[in-house]
Novice: 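Have a look at this one before I ask anything.
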Amino acid sequence: MGTRRGHLTPWTRTAWAALIVVAATTMTACGTAGATTDASTQTPSEAPTPTPTPLTPAEQLLADNAATPGVCAVSFTLDGATLDPQLQIQDRLYDHLPIPRADGRAFAGWYADAATAAAASADPATGAGNPATRVNGSDLVACTDQQVTLYGAWTTPDAVTAANARISILMYHQFTDKPEGESGWLRGNYSYIEDYRASMQYIKDSAFYLPTWDELSAFIDGVLYLPDHSAIVTDDDADPTWLTMASPINEQLQVMATSFDITGDGAVPQNRFILPRSHTNNMHTAGANGKGQMVNLTPEEIAADMTVSAEALRGIGVTAGATEIMAYPYGHYDDRSKQGLTMAGFEMARTIEQGYVSVGSDKLALPCVRINFGMGVAALKDLIG
């Protein structure tokens with residue numbers, strides 16, 4: 001019996017259904033295989049770039065000054081204070097280390113390790129007068145891998161007062177290689193060069209603390225501890241004998257000193273251990289009354305000369321120290337001198353009056369210890385201990 005066109009028998013319907021299932025399964029399998037193949041040929045995505053570790057403040061300081069030869073980042077650790085790192089230069093004197101101030105406290109200096117700083121906090125006399133432990137601007141910068149950390153110590157204002165320190169500012173002028181000295185009315189100004197060498201050796205061997213001028217200012221304010229065993233070496237006028245005979249001794253012995261230069265003359269010692277400071281620009285001459293110009297000119301004229309002098313010092317690399325101290329020519333000064341210095345931004349001035357600096361001293365009339373011809377180590381011991 002035949003099959004009517006357009007109709008399927010049960011068997012035929014079953015067969016077609018089976019064929020459809022097989023075809024669908026095959027297509028699915030092929031599609032899956034194809035997807036797997038496509039995925040296997042895709043390029044893996046790149047790993048995310050890690051976030052760089054931020055630089056420490058000291059590292060950032062070095063990075064910002066990488067082109068400067070000999071840079072060293074100095075970090076500071078001090079209880080109760082957060083201080084930014086400071087850029088210094090290897091094998092040069094530390095330049096104006098921070099002098100922190102805090103109510104009810106007095107700073108007792110920077111030290112190379114935490115233990116020594118702690119001992120100085122307990123008793124500042126244990127470290128304050130020992131150049132081997134207390135670090136300041138009389139020391140050369142020495143760092144490892146361009147970094148160094150200094151540790152600070154605190155004491156009290158009462159401890160500063162109780163120490164009753166008297167700081168000596170030694171005043172030299174000219175030098176001679178003649179044991180018998182020079183002749184003439186300026187004979188007393190000349191120091192025999194071997195006496196000077198022996199005196200600098202004595203200061204070094206006796207472990208005198210050599211304060212910087214900013215330290216002396218803070219000491220006068222009563223906020224920095226200085227030991228009585230302290231001395232500041234100075235020379236007036238930048239005479240050729242100072243430049244060629246005496247100041248090289250300070251380099252050899254590594255004893256810091258200050259050269260009060262007449263900046264208009266252009267004579268400045270080129271020496272790591274000599275701090276150039278002002279002896280005026282062009283006022284080292286006598287005025288109408290036979291005395292120095294600083295007691296003849298007006299405060300405005302004095303300020304103008306001292307401003308030029310400060311700029312001359314900045315021109316040779318003296319930055320923060322350009323206006324911190326000057327020495328009066330001939331030691332002549334009065335109220336107009338002080339007014340002119342204040343107008344020019346100067347903080348301190350040294351006279352030729354004999355005496356010692358103590359807490360509360362007049363910053364614009366600092367006394368000195370004058371060194372005359374014939375005064376060797378024995379005389380120096382009597383004067384400064």
Side-chain angles (χ1 to χ4, degrees), residues 93 95-96 99 137 169 171-174 186 189 211-218 220-221 232-240 242-243 247 257-271 274-353 355 357 361-368 370:
L93 295 182
D95 185 18
H96 287 83
I99 302 177
I169 302 178
M171 181 181 67
Y172 289 89
H173 280 88
Q174 296 153 298
L186 286 177
N189 272 4
T212 55
W213 295 109
D214 56 335
E215 286 184 307
L216 186 70
S217 176
I220 292 171
D221 293 339
I232 299 176
V233 181
T234 73
D235 178 86
D236 286 10
D237 305 340
D239 183 82
W242 161 248
L243 299 174
S247 66
T258 294
S259 180
F260 286 118
D261 304 325
I262 306 166
T263 53
D265 291 349
V268 177
Q270 301 299 314
N271 185 320
I274 303 299
L275 306 178
R277 295 296 185 265
S278 178
H279 201 25
T280 78
N281 186 64
N282 193 28
M283 291 191 290
H284 203 286
T285 57
N289 61 2
K291 293 185 178 181
Q293 295 286 11
M294 295 206 76
V295 294
N296 278 276
L297 300 178
T298 66
E300 290 77 14
E301 290 171 323
I302 292 169
D305 180 277
M306 294 306 299
T307 298
V308 172
S309 188
E311 286 303 314
L313 290 174
R314 292 187 184 101
I316 60 170
V318 179
T319 53
T323 58
E324 64 185 357
I325 182 73
M326 63 84 64
Y328 294 115
Y330 316 117
H332 298 160
Y333 72 98
D334 59 13
D335 287 342
R336 90 187 73 185
S337 310
K338 293 181 177 182
Q339 184 179 350
L341 290 180
T342 301
M343 291 169 62
F346 278 76
E347 183 184 10
M348 295 182 289
R350 200 219 65 207
T351 71
I352 62 171
E353 296 167 3
V357 179
S361 288
D362 183 348
K363 290 186 180 182
L364 289 174
L366 300 178
C368 71
R370 180 185 176 93

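Keep in mind that this is a model prediction, so the values were computed, not measured.
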Novice: Is a side-chain donor or acceptor of N296 paired with a backbone partner of G292 at a separation under 3.5 angstrom?
Specialist: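 Yes; judged by distance alone, with no hydrogens or angles, the pair exists.
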Novice: Quick one: list whatever passes side-chain hydrogen bond (donor to acceptor under 3.5 Å, both in side chains) with N282, sequence neighbours left out.
Specialist: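 Expected list: none.
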Novice: Consider only side-chain N and O atoms of D334 and S337, and report whether a donor and an acceptor are under 3.5 Å apart.
Specialist: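 Looking only at side-chain atoms, S337 and D334 do form a donor-acceptor pair, the distance falling under 3.5 Å.
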Novice: With a 4.5 Å heavy-atom cut-off, do M326 and L364 have their side chains touching?
Specialist: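 SC-SC contact between M326 and L364 ruled out.
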Novice: Do I325 and L366 make a side-chain contact, defined as non-hydrogen atoms from C-beta onward lying under 4.5 Å apart?
Specialist: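 In contact.
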Novice: With K363, which residues qualify under salt bridge (charged side-chain N to carboxylate O under 4.0 Å, His left out), at least two apart?
Specialist: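 With sequence neighbours excluded, K363 shows a salt bridge (charged side-chain N to carboxylate O under 4.0 Å, His left out) to D221, E347, given in chain and number order.
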Novice: For residues S361 and I220, report the shortest heavy-atom separation together with the two atoms involved.
Specialist: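 Taking every non-hydrogen atom into account, O-CG2, 3.3 Å.
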Novice: Taking the side chain as C-beta and beyond, is there a heavy-atom pair between P329 and Q293 under 4.5 Å?
Specialist: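 Side-chain contact under 4.5 Å: no.
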Novice: Side chains of H279 and D237: any donor to acceptor distance under 3.5 Å?
Specialist: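 A pair is found: one side chain offers a donor N or O, the other an acceptor, under 3.5 Å apart.
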Novice: For residues 261-269, which side-chain donor-acceptor pairs fall under 3.5 Å, sequence neighbours excluded?
Specialist:
| from | atom 1 | to | atom 2 | distance (Å) |
| --- | --- | --- | --- | --- |
| D261 | OD1 | S259 | OG | 2.4 |
| T263 | OG1 | N281 | OD1 | 2.8 |
| T263 | OG1 | S309 | OG | 3.0 |

Novice: Just jot down the side-chain hydrogen bond (donor to acceptor under 3.5 Å, both in side chains) partners of R350, sequence neighbours excluded, or say none.
Specialist: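 R350 satisfies side-chain hydrogen bond (donor to acceptor under 3.5 Å, both in side chains) with T234, D236 once adjacent residues are dropped.
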Novice: Quick one: which residue pairs count as a ring pair (Phe, Tyr, Trp, His ring centres under 6.0 Å) with a foot in residues 285-330, not counting sequence neighbours?
Specialist: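 Those involving residues 285-330 are H284-Y330, Y328-Y333, Y330-H332.
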Novice: Measuring from atom CZ of R336 to atom CE of M343, what distance do you get when rounded to the nearest 0.5 angstrom?
Specialist: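 Here the interatomic distance stands at 13.5 Å.
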Novice: Filter on side chain to side chain donor-acceptor pair (under 3.5 Å), then keep only pairs touching residues 314-323, sequence neighbours left out; what's left?
Specialist: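 For residues 314-323, and leaving out neighbouring residues, the side chain to side chain donor-acceptor pair (under 3.5 Å) pairs sorted by first residue read E311-R314.
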Novice: For residues L216 and I169, determine if any side-chain heavy atom of one lies less than 4.5 Å from a side-chain heavy atom of the other.
Specialist: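 The answer is yes, as the side chains (C-beta and beyond) meet within the 4.5 Å cut-off.
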Novice: With heavy-atom distances below 4.5 Å as the criterion, would you say the side chains of H173 and D239 are in contact?
Specialist: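 Heavy-atom side-chain distance check fails, nothing below 4.5 Å.
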Novice: Hey, does H96 have a side-chain heavy atom less than 4.5 Å from the side chain of T212?
Specialist: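 The answer is no, as the side chains (C-beta and beyond) never meet within the 4.5 Å cut-off.
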